[in-house]
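A quick write-up on the structure given underneath.
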Amino acid sequence: MNTLSDFWFSSPLTTIVVGGGLTLLLVLLVFRQPRSLPLASNENGRLLISRRALHRMVEACCEQVRGVVSANASIRIRGDRFNTKLRLKVRPEAKLDAIQGYLTQEISTIYRENLGLTTEIGPIEIKVVGVIPAEPGF
């Protein structure tokens with residue numbers, strides 16, 4: 001134990017680095033997002049959804065839209081609001097303004113009807129990160 005404390009306090013730089021690392025670890029543990037989100041609870045039990053299942057639900061909704069090749073969802077909870085960020089890869093013929101309007105409406109419907117959320121839904125940010133060419137026909 002004596003050699004460890006001698007190492008930590010051997011120089012001010014080492015003390016600052018070790019202290020900063022421990023502080024960063026503590027901050028990350030306190031502010032991390034939960035793995036499962038509670039949707040409903042009553043005297044009989046609770047209904048939870050995993051963060052990954054929620055992401056896949058939104059991604060599946062996006063991938064059903066014509067013109068969208070793939071989707072990657074990131075959902076953060078700030079207070080009682082769900083902030084949703086979508087990264088889409090689309091086909092060249094995709095109508096982006098129509099896709100944005102449709103996905104905003106559908107994701108809001110998923111949150112309210114499928115998940116039963118009664119709180120305010122946060123912003124839904126859609127970012128196109130790639131264009132995939134159409135597959136050549138025969």
Partners meeting side-chain contact (heavy atoms from CB on, under 4.5 Å) with [X] (sequence neighbours left out):
X      : result
Leu47  : Leu39, Ala40
Glu106 : Cys61, Tyr102
Pro133 : none
Ala53  : Ile49, Ser50

Test: side-chain hydrogen bond (donor to acceptor under 3.5 Å, both in side chains). Region: residues 53-73. Which pairs qualify, not counting sequence neighbours?
Arg56-Glu59
Would you mind listing the cluster partners of Val69? Hydrophobic ones only (ILVMFWY), side-chain contacts under 4.5 Å, chaining allowed.
Ile132
Do [X] and [Y] have side chains that approach each other closer than 4.5 Å (heavy atoms only, starting at C-beta)?
X      : Y      : result
Val129 : Lys89  : yes
Ile121 : Arg112 : yes
Ile99  : Leu88  : yes
Leu54  : Phe82  : yes
Leu86  : Lys127 : no

Report the distance from atom [atom1] of [X] to atom [atom2] of [Y], rounding to the nearest 0.5 Å.
X      : Y      : atom1 : atom2 : value
Ile124 : Gln105 : CD1   : CD    : 10.5 Å
Ile126 : Leu96  : CD1   : CG    : 9.5 Å
Asn83  : Ile75  : CG    : CD1   : 10.0 Å

If every non-hydrogen atom of [X] is compared with every non-hydrogen atom of [Y], which pair is closest and at what distance?
X      : Y      : answer
Val90  : Ala94  : CB-CB, 4.0 Å
Val58  : Ile107 : CG1-CD1, 3.8 Å
Leu103 : Cys62  : CD2-CA, 3.7 Å

Would you say that more than 12 heavy atoms from the other residues, nucleotides or ligands in this model lie under 6.0 Å from the CZ of Arg46, or not?
no
For Arg51 and Arg76, indicate whether the former's side chain and the latter's backbone hold a donor-acceptor pair under 3.5 Å.
no
